[in-house]
Amino acid sequence: MTLRVYNTLSAAKEEFVPLVPGKVRMYVCGVTVYDFSHIGHARANVVFDVIYRYLRYLGYDVTYVRNYTDIDDKIINRANRDGVPFHEISERFIREFDHDMVQLGLQLPTIQPKATEHIPEIIALVQALIERGVAYQAGGDVYFCVEKFDGYLKLSGRNLEEMQAGARIEVDERKRHPMDFALWKEAKPGEPFWVSPWGNGRPGWHIECSAMSMKYLGESFDIHGGGKDLIFPHHENEIAQSEAATGKPFVKYWLHNGFVNINAEKMSKSLGNFFTIREVLDKYDSEVLRFFLLSAHYRSPLDFSDQNLTEAESGMERIYKALAGSAEFAGGDEIPTDLDPQSLTDAERELLAKNAAFQERFREAMDDDFNTALAVGHVFDLVRSVNRVLAESGRERREAAALLAAAGGNIADTGSVLGIFTSEPAAYLERIKARKTAELAISVEEIEGLIAERGTARKAKDFKRSDEIRDYLLARNIVLLDGPQGTTWQVK
RNA sequence: GGCGGCGUAGCCAAGUGGUAAGGCAGAGGUCUGCAAAACCUUUAUUCAGCGGUUCAAAUCCGCUCGCCGCCUCCA
């Protein structure tokens, strides 16, 4: 089995072969830290977190770099608005971003560089571009000369003429070509600046990623990722700057994730139709959100809605209930390690077969351009078999215990790559219940009091009163479950 | 205007040449005092529409319709 990835550069799925065997160097464009991150940022970061995890699962030694853009017009604007120095804004929202990523269960990238801490590297790169004759100074600005780079627009598959025809931006008189972009921007009065050969100024948006990625990963590396909206101009310009400076291919595989939509429209700051990560985590468990984000292929658009999140929550509950049920089989008598299919029930044989095939099915799904949606489908398929054994085999069947433990292990392995199913099943279910209970208009004391009363009524075969209580609670979103160990309750 | 993507059941969603995964919701059954949960069965002769290529197409080609994205900052 080999990993195949969709490469934006070739517009096709390609076999993944790292430049250095056994090692993967990957760079993902992080956020501009001027405000809270929204669900779109969550998706991009979760997607690349899963890619990072899967590459390591495959045994690669992965160096993962994700930057913070901590100097930029939007940060300066916000700082002016709030009347504070720009770094107060960027430092604050770096902390907030980090907090959100922890909440989402992301593993830390190997390196998280900041643009402002790499000004010397940026200046050196700009200087190299000027020396090579592909960049020029205009006043205190420095521009990249797009006509000097043959491969310009090879990533987005456009051409300069078309781009200009639809251009919506006013052309700066000082540019030699309307599409030339800034490598270095002169500081206006009152703006933060760094001293450079071209006067006081700050880096353009694109150059930081070229400088930092090449510093940590070398002039050529394996994977560069980000949202689809970064293909043009950001990544296009990164290619131009980097390859013009080094004369070497910059990145082998370009990976881009699709957007999160609201009512089929892209979630974005400018449309104002966004939800921040913390808003959503206030309402849904972080595993539910991750699960939702991974329920579609990473390149597809994904529609964010309460209904879809609620469905994801139901799905997660189904999986955790199966895991919780399996856990009850653990312990007790010794679990056999060698199973004779002859001694198994139909349901157990089915689970034996699903367990045996599981890892390969999971890898096949993930090898196909990180198809997490298919992988999740396989998990549900396994869960159905688990539930069947749970429903049919008694706890005295130690063969069943062995099979359920193996299934639990398979789901945990998947979860370690997807970053879900990582909680103790009982703890997860309690967590969800507590979250739902907090929204109820009825107290736990009242619920439990009524359940006790109903228990007495049931013992006395007073089913009228018993059903009355159940209906009363059901009307308040409380579902009762009568079991051999008594009655438990859930929030609908 | 240019370039690109998408359209699969009530909803979400895999599937890019070999005869439609999975989830949610629904229906029937088992279980239950009755329920719930779980299990079993069931729910697209069909993949926006129309043509074409092929022994064979949701999958390839063409056209039409609809939706979205990029071309300005954006994950």
Side-chain angles (χ1 to χ4, degrees), chain A residues 8 11 13 28-32 34 37-48 72-74 153 156-159 161-170 179 205 225-234 236 256-261 264-271 274 291-292 295-297 299-303 305 307-308 310-319 321-322 325 347 361 365 368 371-392 458 461-464 466-467 470-471 474 478-483 487-490 492:
Chain A
T8 306
K13 276 185 202 169
V28 173
C29 290
V31 286
T32 299
Y34 73 104
S37 299
H38 60 62
I39 298 303
H41 302 116
R43 184 181 194 188
N45 283 286
V46 165
V47 160
F48 285 101
D72 147 283
D73 289 358
K74 290 192 291 288
L153 302 180
S156 51
R158 307 161 197 235
N159 66 61
E161 291 69 39
E162 287 160 4
M163 297 292 292
Q164 286 169 74
R168 284 181 274 163
I169 191 165
E170 278 179 50
M179 296 301 293
W205 173 34
K228 273 191 157 80
D229 45 4
L230 296 183
I231 295 171
F232 184 87
H234 187 53
E236 200 70 73
H256 294 97
N257 66 277
F259 302 131
V260 174
N261 291 163
E265 276 191 325
K266 180 185 172 184
M267 178 184 290
S268 73
K269 284 265 155 113
S270 40
L271 284 172
F274 63 90
F291 180 76
F292 165 71
S295 66
H297 186 92
R299 284 188 286 118
S300 307
L302 182 61
D303 220 64
S305 67
Q307 187 191 333
N308 290 347
T310 304
E311 276 187 16
E313 190 172 74
S314 301
M316 282 294 282
E317 204 160 330
R318 177 176 167 80
I319 293 165
K321 275 182 181 169
R361 295 221 292 166
D368 186 12
N371 193 337
T372 54
L374 183 57
V376 165
H378 293 333
V379 170
F380 277 113
D381 194 45
L382 185 64
V383 162
R384 199 180 52 240
S385 293
V386 165
N387 281 332
R388 201 174 154 200
V389 169
L390 248 24
E392 295 179 12
R458 288 182 76 213
K461 304 259 187 241
D462 179 2
F463 295 123
K464 184 168 170 289
S466 158
D467 291 351
R470 191 177 60 207
D471 292 344
L474 188 61
I478 309 294
V479 182
L480 298 186
L481 295 84
D482 294 330
T487 300
T488 57
W489 60 278
Q490 288 187 346
K492 199 175 174 183

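Because the structure is predicted, anything quoted here is derived from the model rather than measured. Values below: all heavy atoms of this structure, side chains included; hydrogens, waters and symmetry mates excluded. Lettering follows sequence order; numbering is per chain, from 1.
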Let's test this: given Watson-Crick or G-U wobble pairing with both distances under 3.5 Å, identify the partner of [N].
| N | result |
| --- | --- |
| B:rG69 | B:rC3 |
| B:rC55 | B:rG18 |
| B:rC50 | B:rG62 |
| B:rU30 | B:rA38 |

Any donor and acceptor pair, going by atom type alone, linking the side chain of [X] with main-chain N or O of [Y] inside 3.5 Å?
| X | Y | result |
| --- | --- | --- |
| A:S314 | A:T310 | yes |
| A:N371 | A:L374 | yes |
| A:Q490 | A:L480 | no |
| A:D303 | A:A264 | yes |

Give the rounded distance in Å between these two atoms: [atom1] of [X] and [atom2] of [N].
| X | N | atom1 | atom2 | answer |
| --- | --- | --- | --- | --- |
| A:H41 | B:rC73 | NE2 | C1' | 11 Å |
| A:K321 | B:rA36 | NZ | C1' | 9 Å |
| A:H234 | B:rC71 | NE2 | P | 14 Å |
| A:Q490 | B:rA36 | CD | P | 13 Å |
| A:I231 | B:rG5 | CD1 | P | 11 Å |
| A:D303 | B:rG7 | CG | P | 14 Å |
| A:H256 | B:rG4 | NE2 | P | 17 Å |
| A:E236 | B:rC3 | CD | C1' | 12 Å |

Rounding to the closest angstrom, what is the interatomic distance between [N] and [M] at atom [atom1]?
| N | M | atom1 | result |
| --- | --- | --- | --- |
| B:rA21 | B:rU8 | C1' | 12 Å |
| B:rA25 | B:rU43 | C1' | 11 Å |
| B:rA75 | B:rA36 | P | 47 Å |
| B:rG66 | B:rG28 | P | 41 Å |
| B:rU19 | B:rC12 | P | 26 Å |
| B:rG23 | B:rC40 | P | 10 Å |
| B:rU46 | B:rG29 | C1' | 28 Å |
| B:rG7 | B:rA58 | P | 15 Å |

Under 6.0 Å from the six-membered ring centre of A:F274 and within 45° of its axis: does the NZ or CZ of A:K269 meet both?
yes

Does A:R458 make a cation-pi contact with A:F463 (under 6.0 Å, within 45 degrees of the axis)?
no

Pick the closest RNA chain B nucleotide for A:V479 and for A:G40 by heavy atoms, then say which residue is nearer the 5' end.
A:V479

With nearest nucleotide decided by heavy atoms, which residue, A:E265 or A:N45, maps closer to the 5′ end of RNA chain B?
A:E265

If you look at every strand shown and take non-hydrogen atoms under 4.0 Å, does [X] touch a base, only sugar-phosphate, or nothing?
| X | answer |
| --- | --- |
| A:R158 | base |
| A:F48 | nothing |
| A:G225 | nothing |
| A:V379 | nothing |

Could you check which of [options] has an atom nearest any side-chain atom of [X]?
| X | options | value |
| --- | --- | --- |
| A:H38 | B:rC71, B:rA75, B:rG15 | B:rA75 |
| A:H297 | B:rA14, B:rG2, B:rG69 | B:rA14 |
| A:A296 | B:rA13, B:rC39, B:rC70 | B:rA13 |
| A:F232 | B:rC71, B:rA36, B:rC39 | B:rC71 |
| A:D368 | B:rG15, B:rC12, B:rC70 | B:rG15 |

Take A:K266 and A:D229 through the side chain to side chain contact (heavy atoms under 4.5 Å, CB included) test and state the conclusion after the steps.
CA-CA 10 Å; A:K266 180 185 172 184; A:D229 45 4; 3.2 Å; yes

Are side-chain heavy atoms of A:V379 and A:I319 found at a separation under 4.5 Å?
yes

Decide side chain to side chain contact (heavy atoms under 4.5 Å, CB included) for A:N257 and A:K228; before the verdict, give the C-alpha distance in whole Å, the side-chain angles of both, and the deciding distance to 0.1 Å.
CA-CA 6 Å; A:N257 66 277; A:K228 273 191 157 80; over 6 Å; no

Please step through side chain to side chain contact (heavy atoms under 4.5 Å, CB included) for the pair A:N308 and A:F292, ending with a clear verdict.
CA-CA 8 Å; A:N308 290 347; A:F292 165 71; 3.6 Å; yes

Look at the side-chain N and O atoms of A:K269 and state whether any lies under 4.0 Å from the OP1 or OP2 oxygen of B:rA75.
no

Between A:N308 and B:rC12, is there a side-chain N or O to OP1/OP2 distance below 4.0 Å?
no

Name the pairs: protein N/O against N/O of nucleotides 30-35 of chain B, kept only if under 3.5 Å.
| residue | atom | partner | partner atom | Å |
| --- | --- | --- | --- | --- |
| B:rG33 | N7 | A:R458 | NH2 | 3.3 |
| B:rG33 | O6 | A:R454 | NH2 | 3.4 |
| B:rG33 | O6 | A:R458 | NE | 3.1 |
| B:rG33 | O6 | A:S466 | OG | 3.2 |
| B:rG33 | N1 | A:D467 | OD1 | 2.9 |
| B:rG33 | N2 | A:D467 | OD1 | 3.3 |
| B:rG33 | N2 | A:D467 | OD2 | 2.6 |
| B:rC34 | O2 | A:R470 | NH1 | 2.8 |
| B:rC34 | O2 | A:R470 | NH2 | 2.3 |
| B:rC34 | N3 | A:R470 | NH1 | 2.5 |
| B:rC34 | N4 | A:D482 | OD2 | 2.9 |
| B:rA35 | N6 | A:D482 | O | 3.2 |
| B:rA35 | N1 | A:D482 | N | 2.9 |

Applying side-chain hydrogen bond (donor to acceptor under 3.5 Å, both in side chains), run through A:D72 and A:T32 and close with a yes or a no.
CA-CA 8 Å; A:D72 147 283; A:T32 299; 4.7 Å; no

Whether A:D381 and A:R384 form a salt bridge (side-chain N of Lys/Arg under 4.0 Å from carboxylate O of Asp/Glu) is what I want to check.
yes

Can you give me the N/O atom pairs linking the protein to nucleotides 17-24 of chain B at distances under 3.5 Å, or say none if there are none?
| residue | atom | partner | partner atom | Å |
| --- | --- | --- | --- | --- |
| B:rG23 | N2 | A:E311 | OE1 | 3.0 |

